[in-house]
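Since this is a predicted model, take the numbers as computed values, not measurements. All ligand and atom numbering here is 1-based and tracks the order in the structure.
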Amino acid sequence: MAEVIYDHVTKRFDSVVAVNDLTLEVEDGEFLVLVGPSGCGKTTALRCLAGLEEVTSGDIVIGDRVVTHIPPKDRDIAMVFQNYALYPHMTVYDNMAFGLKLRKVPKQEIDRRVKEAAEILGIQDLLNRKPRQLSGGQRQRVALGRAIVREPQVFLMDEPLSNLDAKLRVQTRGELIKLQRRLGVTTIYVTHDQVEAMTMGHRIAVMNQGVLQQLDTPENLYDRPANLFVATFIGSPAMNIFPAQVVGGDGTVQLVAGDVKLEAPPSHRNRLADYVGREVLVGIRPEDLEVVAGNPESEGGDTVRLPVELIEPLGAETLVHLRGPAGTLIAQGEPRIHLDPGDVVTIRVRKDHLHTFDPQTELALF
Ligand code: ATP
């Protein structure tokens with residue numbers, strides 16, 4: 001087990017800066033998820049750690065060693081890839097044993113480790129099969145088994161669930177979480193899927209265009225996104241965003257967007273004071289827009305009336321698309337809510353859950 005440090009790591013491919021000055025500390029035993037849209041540099045960051053890419057500048061530390069210029073095989077890591085990369089002509093046993101044989105680990109020790117890993121993963125009965133005789137989920141376990149037998153200091157995983165169908169992916173996700181907690185091996189896991197990131201990581205590093213945007217727990221990323229990118233990337237359906245004018249007077253601050261006027265709660269007044277007379281971007285998650293039955297009186301400026309554009313029943317919830325002051329707003333309604341397009345509904349805004357962003361820097365106003 002070991003901690004991992006990226007110390008100002010930059011990786012350039014000619015004119016493309018794939019990883020831009022990444023500084024990040026992964027704690028011993030932590031499950032850290034690197035997440036971001038396609039091309040944001042997460043795979044490159046992982047490959048730099050594995051030694052499969054030479055960094056352009058900066059250093060990488062694993063445990064108590066600077067490994068920046070150490071070849072991959074001497075870094076004491078094990079990597080699980082998206083395509084599993086199993087040897088088709090070898091049995092499951094040999095696939096798992098292969099790396100240990102190369103390292104001249106004694107036969108008995110290899111046998112012990114392979115059988116132990118097979119038991120942990122529940123693939124004892126598959127050891128004599130070839131990869132083509134396995135399902136996708138089973139192949140994925142073999143790939144994990146091959147990493148486990150190495151007993152490395154760090155596991156590196158690059159979208160290891162992406163070739164599984166949706167149901168198996170959810171099931172395997174849960175198993176992988178339990179496995180990591182049980183083995184307690186520092187794990188760095190790359191995915192573009194924010195749901196996977198939110199459910200698996202102790203902490204999540206969100207990247208965009210090679211730059212680390214925020215490193216935090218799933219809860220904090222969701223509740224306190226540092227900027228507009230994180231706010232809209234984490235959460236599905238995405239956070240609603242609209243511009244609003246900040247209007248002050250008589251000790252109150254209002255956010256005004258078209259006909260919609262929201263009184264900013266006291267907790268937001270300080271942060272908005274500098275913006276009076278200017279525009280900010282307001283963010284509100286769909287579950288913080290409550291569809292209210294009937295036509296209640298507005299209480300303290302926290303309700304608005306908006307026309308319904310579209311209803312999306314999803315079973316456990318209904319997404320209600322509303323015509324907002326600057327484009328569509330999505331509210332999360334009750335499962336079997338009865339609404340039709342064109343209806344005008346009352347929406348209660350959970351104002352304590354409002355987010356505000358500077359329109360130029362896109363940073364959250366705290
Ligand atoms: P994805 O989820 O699509 O795999 P990613 O976030 O893992 O994306 P990377 O694969 O790390 O992104 O790529 C980051 C950037 O670096 C991209 O612009 C990509 O085109 C570029 N890049 C990656 N590898 C190379 C390479 N070998 N040569 C040139 N450019 C590369």
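Asp59 and Thr68 are linked by a side-chain donor-acceptor pair at a separation below 3.5 angstrom, with hydrogens and angles left out of the test. Side-chain contact annotation: Arg305 with Thr346, donor-acceptor N/O pair under 3.5 Å present.
With Lys351 contributing its side chain and Glu263 its backbone, the two residues share a donor-acceptor pair below 3.5 Å.
For the pair Arg103 and Phe98, the cation-pi criterion (under 6.0 Å, within 45° of the ring axis) is not fulfilled.
With sequence neighbours left out, Arg112 forms a salt bridge (Lys or Arg N to Asp or Glu O under 4.0 Å) with Glu109, Glu116, Glu151.
Listed by chain and number, residues touching ligand 1 at under 4.0 Å (heavy atoms only) are Phe13, Val16, Ala18, Pro37, Ser38, Gly39, Cys40, Gly41, Lys42, Thr43, Thr44.
Atom-to-atom distance recorded for Leu168:CG and Thr172:OG1 is 4.0 Å, nearest 0.5 angstrom.
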